[in-house]
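Working notes, beginning with the structure itself.
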Amino acid sequence: MIRLYDTLTGDVRPLAQRDEGKVSLYACGPTVYDHPHLGHARQAMTYDVMRRYFEWRGLAVHHVANVTDIDDKIIARAQAENTTESAVATEWKQVYDDVMDALDILRPHDRPHATEYVEEMVEFIQTLIDNGSAYANDSGVYLRVHTVDGYGDLVHRSLDDLREGAGARVEVDDTKEDPLDFALWKAAKPGEPTWPSPWGDGRPGWHIECVAMSLGILGDGFDLHGGGNDLVFPHHTNERAEAIAAGRDFAQHWAHNAMLNISGEKMSKSLGNFTTIQTLLDEHPDNARALRLALLQTHYRKVMELNPDVMAQSREGLKRLDAMVRKASGADVPLDGAERDATAIAAFTAAMDDDLGTPEGVATMFETIRRANAALDAGDDAAAMLVATAIDLAGAMGLSVEPDGLGSGGDGGDPEIDALVSARTEARASKDFAEADRIRDELTARGIVVEDTPNGPVWHRG
RNA sequence: GCGCCGGUGCCCGAGCGGCCCAAGGGAACGGCCUGCAAAGCCGUACAGUCGCGGGUUCAAAUCCCGCCCGGCGCUCCA
């Protein structure tokens, strides 16, 4: 049984499925107006791993993530660049997609755009006005927060606590009945894109889109709603409030991933180049996988440290995975149809079922790799099973294997390199070690690593 | 200030009342293997203790209290 921490109840509890064997997951997606940064990567990776693991467990996952293509930041950027909001959104959505593809993050099954759901949002707001939970005035439509039962439950704060926070802020908008009330619909302002509504032209507030889209696509009482823990308040709290006010059955379980620290500090301006995903990807060809491994080695609910050192350490770890596969390939171990090692599978499943314990899952994978290598060295029949199991576990977490240059001696895939490797083999055969080492140095200079195995040399890009 | 989450070896990080003199990865060191390497395997040192100080318990890294440090949040509008 899969158990997951639920922000609402504050404990780890079984993830109930509305429909047996299926999981409906709504994870808040990006507002597209700028380069995605590493925080976006952690968020997207968290739910990608969740989804992959659920699927590996045999569950049919319906993964939905919105794309916010209209909001203040997009408007600001459009004005600054003297272009349209939709042009800004289209451009940055593409950038986002490219980066996520590079990180090997599976595309959610549905990716609704806010601007495609305005009609549904208007209807939803109308329902709230009709039942007295919302009111319209000159500046827009607002939700009457005090009418919502258990409004602050998700953040575990009382209405008074929250009100104190709101009151402490300057410039309270006095068109609202209560400082806590928030906008469902914002009245049109000059120069902003607008949509028609019964309360005049305007645009939707931030939270309403996720309610309309999650309920619209996944239906009432969907299983799991996720996002970064910076969204617990106000975003998720307000989404939930809207659904409750409308009498709808909302998410049954809430998951939130923790933030990232870069070099011991929160990710921000002073760290400059290390903040965007693209920059990280440009720094090393293997950084996409290394980032995934690094992320997996920290539990998703814990603040995580990321710095160049951590990335380098992860890249080294990845080599163990790849090297094992190369070794198995060199030994001609039959992986197709190999059984799985029950001990490893059981340990892995237990760890992952318990609130997505990826650090322990990774530990199990590495232990399996060590056992596989030992079996390979010993010529043990269990080798195939262990290698196949390790690859399987890696795959369950979205870690791909890239042995690179697979194959031995003459058929490594690159004629020039293969020729050099063959020449070295001949030199060694005739005991001309000086020549053999010379060739190896030349290969090293080209970034090629040669490993000698009982079955001949195997090379890869290092 | 208020709320929530953290502080574990050289680094990253599991563990969350006894199985912990604390997993896994990286880095280090020794051995095996190798012509020498690389990779791999085996082993060792690093945590005499898990931010600090009290307390509860037969038993605490794990629970409670206080303090210090770090992080996230504290609406809408600008």
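Letters go in sequence order (proteins before strands), and every chain restarts at 1.
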Side chain to side chain contact (heavy atoms under 4.5 Å, CB included) partner of Arg292(A), the single match among Asp48(A), Asn287(A), Leu103(A): Asp48(A)
Looking at Arg370(A), does any N or O in its side chain come under 4.0 Å of the phosphate oxygens OP1/OP2 on C42(B)? yes
Scan Phe433(A) against the nucleic acid and name what it touches under 4.0 Å (heavy atoms): base, sugar-phosphate only, or nothing. base
Does Asn373(A) put a side-chain nitrogen or oxygen below 4.0 Å from OP1 or OP2 of C41(B)? yes
Euclidean distance, atom CG of residue Asp160(A) to atom P of C2(B) [Å, nearest integer]: 17 Å
Paired with C29(B) by Watson-Crick or G-U wobble geometry, both distances under 3.5 Å: which nucleotide is it? G43(B)
Have a look at Met365(A) and say if it touches a base, only the backbone sugar-phosphate, or nothing, with a 4.0 Å heavy-atom cut-off. nothing
Looking at the side chain of Glu316(A), which of C41(B), A27(B), G35(B) is the nearest nucleotide? A27(B)
Between Arg3(A) and Val12(A) (side chain of the first, backbone of the second, donor and acceptor by atom type, cut-off under 3.5 Å), is there such a pair? yes
For Val145(A), answer base if it contacts any base atom (sugar-phosphate contacts may also be present), sugar-phosphate if it contacts only those atoms, and nothing otherwise; contact means non-hydrogen atoms under 4.0 Å. nothing
Mark this stacking check for Phe233(A) against G73(B) as yes or no, applying ring centres under 5.5 Å and ring planes under 30°. no
Could you tell me whether Arg326(A) and Asp322(A) make a salt bridge, using a distance below 4.0 angstrom between a side-chain N and a carboxylate O? no
Pairing check on C16(B): which nucleotide meets the Watson-Crick or G-U wobble criteria with it, both distances under 3.5 Å? none
Taking only side-chain nitrogens and oxygens of Lys186(A), does any of them come within less than 4.0 Å of OP1 or OP2 of C76(B)? no
Between the base of G40(B) and the side chain of Arg320(A), is there a donor and acceptor pair under 3.5 angstrom? no
Have a look at Val449(A) and say if it touches a base, only the backbone sugar-phosphate, or nothing, with a 4.0 Å heavy-atom cut-off. sugar-phosphate
N/O (side chain, Lys302(A)) to phosphate O (OP1/OP2, G7(B)) under 4.0 Å: yes
Record whether the side chain of Asp452(A) comes under 3.5 Å of the base of A39(B) through a donor-acceptor pair of N or O atoms. no
Give one of base, sugar-phosphate or nothing for Lys431(A), where a contact means two heavy atoms less than 4.0 Å apart. nothing
Parallel, tilted or perpendicular: which fits the ring planes of Tyr53(A) and Phe348(A), with parallel below 30° and perpendicular above 60°? perpendicular
Rounded to the nearest Å, what distance is computed from the CG atom of residue Leu399(A) to the C1' atom of nucleotide G25(B)? 12 Å
NA contact type, Asp72(A), heavy-atom cut-off 4.0 Å: base, sugar-phosphate, or nothing? sugar-phosphate
Between C36(B) and Arg440(A), counting only base atoms on the nucleotide and side-chain atoms on the residue, is there a donor-acceptor pair under 3.5 Å? yes
Which of Thr358(A), Asp355(A), Asn257(A) passes side-chain hydrogen bond (donor to acceptor under 3.5 Å, both in side chains) with Tyr300(A)? Answer is Asp355(A)
Side-chain-base donor-acceptor pair under 3.5 Å for Glu367(A) and G24(B): no
Using the side-chain heavy atoms of Phe366(A), tell me which of these nucleotides is nearest: G25(B), G35(B), G71(B). G25(B)
Identified pairing partner of U75(B), criterion: Watson-Crick or G-U wobble below 3.5 Å: none
To the nearest angstrom, how far is His299(A) atom NE2 from G15(B) atom P? 7 Å
Assess Arg320(A) against Phe366(A): is NZ or CZ under 6.0 Å from the centre of the six-membered ring, and within 45 degrees of the ring's axis? no
Does Leu318(A) or Asn238(A) map to a spot on RNA chain B nearer the 5' end, using the closest nucleotide for each? Leu318(A)
Classify the side chain of Asp309(A) versus the base of G26(B) as yes if they form a donor-acceptor pair under 3.5 Å and no if they do not. no
Among the nucleotides C36(B), G25(B), U75(B), which one has an atom lying closest to any side-chain atom of Phe182(A)? U75(B)
Could you state the atom-to-atom distance from CD of Glu305(A) to P of G9(B) in whole Å? 14 Å
Pairing nucleotide - G70(B), Watson-Crick or G-U, each distance under 3.5 Å: C5(B)
Is the side chain of Arg144(A) donor-acceptor paired with the backbone N or O of Gly132(A) at a distance under 3.5 Å, no angle test? yes
